[in-house]
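The block underneath contains the structure these notes are about, expressed in structure tokens.
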Amino acid sequence: MKMSKQNRSSTLMCLIDESGTLLASVKEPFRVGFLVTCRPQCFEHDIQTLKKELPPLGKHGEYHAREDPSYTRAMLRHLLCLNTEPLMYIVEWIKEEFSEEHFENGKLRVFKDTNPVIASFAVIASEFAVTASANGFSEIHIISEAIKSDIKSEHRSREQALNSVLRTAFERQSTIKVPPPGTRTIIKVSTKRKKEYPPLSFVDYWLWAYCKHADQNDEHALPSALKKRTFVERMTELSIKSGKRNVGMEYG
């Protein structure tokens, strides 16, 4: 996992969003995106400035890539291109590469005790946590966009699951990379709606751009400035059984 050491704060931010469906009848993969930045304040400034110049048209008062008009999409992607520090990691589940035994009621269910969002985080959690700790970050803040089940449970369900994965990740830390002496990293996990944390629109937009490029061969959807900072791991039945992974594989 790459991570910039220049002009960063002591906080590492990871924004999480998902795209697609687990339905076998839909050929496109199910994807989970992890936007990682050492300068979250830049996103906060950009989104608030843009709201004044180009107010969101959606009923919830926030930007959403699938609903926004073309000029809004162009502006959000332009801001992502100008901010050259963030990276995007995507875990995509290739449904056609799994046998029937991994489907239940027509939906992909690789693991019986967790969902693909949590499983995707588990795939990169140890590398994510270890790299942040080894680079001396004092805080890691993970924000996942809240879904209906999170809101109904008062934001407890996904937060608890992600925390459980992170505990396992840090147990592996000493076998991968030891942080500098005296380093203490605090991890905060939360689920929020876009109106609670508007920068979540950036991970939504970046993931949307990649999906449109990958699924529809749209060469304009994912600008080269984003393409070179997008890393993808493709999950298949074979890769899971063999244990062979392509962590941090650069897309493009």
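Remember, predicted model here, so these are calculated numbers, not experimental data. Heavy atoms only: backbone and side chains are in, while hydrogens, waters and symmetry mates are out.
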Approximate separation, where rounding is to 0.5 Å, of [X] [atom1] and [Y] [atom2]:
{"X": "Glu18", "Y": "Asp204", "atom1": "CD", "atom2": "CG", "value": "11.0 Å"}
{"X": "Leu76", "Y": "Tyr63", "atom1": "CG", "atom2": "OH", "value": "6.5 Å"}
{"X": "Lys212", "Y": "Glu28", "atom1": "NZ", "atom2": "CD", "value": "11.5 Å"}
{"X": "Tyr197", "Y": "Ile143", "atom1": "OH", "atom2": "CD1", "value": "5.0 Å"}
{"X": "Phe30", "Y": "Leu108", "atom1": "CZ", "atom2": "CG", "value": "9.0 Å"}

Please determine if [X] and [Y] form a salt bridge, counting it only when a charged side-chain N lies under 4.0 Å from a carboxylate O.
{"X": "Glu62", "Y": "Lys195", "answer": "no"}
{"X": "Arg193", "Y": "Glu145", "answer": "no"}
{"X": "Asp17", "Y": "Arg31", "answer": "no"}

Original post:
Just wondering, do Leu50 and Met75 contact through their side chains at under 4.5 Å, heavy atoms?
Top reply: yes

**OP:** Could you tell me whether the side chain of His213 reaches within less than 4.5 Å of the side chain of Lys227, counting heavy atoms only?
**Re:** yes

Using only atom types and a distance under 3.5 Å, with no angle test, would you say the side chain of [X] pairs donor to acceptor with the backbone of [Y]?
{"X": "Asn83", "Y": "Leu79", "value": "no"}
{"X": "Ser120", "Y": "Pro116", "value": "yes"}
{"X": "Arg229", "Y": "Ala225", "value": "yes"}

**OP:** Check step by step if side-chain contact (heavy atoms from CB on, under 4.5 Å) holds for Val32 and Phe121.
**Re:** CA-CA 8 Å; Val32 184; Phe121 189 70; over 6 Å; no

**OP:** State, to 0.1 Å, how close Arg234 and Ser239 come at their nearest heavy-atom pair, and which atoms those are.
**Re:** O-OG, 4.0 Å

**OP:** Return the minimal non-hydrogen interatomic distance between Val26 and Lys95, and the atom names on each side.
**Re:** O-NZ, 2.7 Å

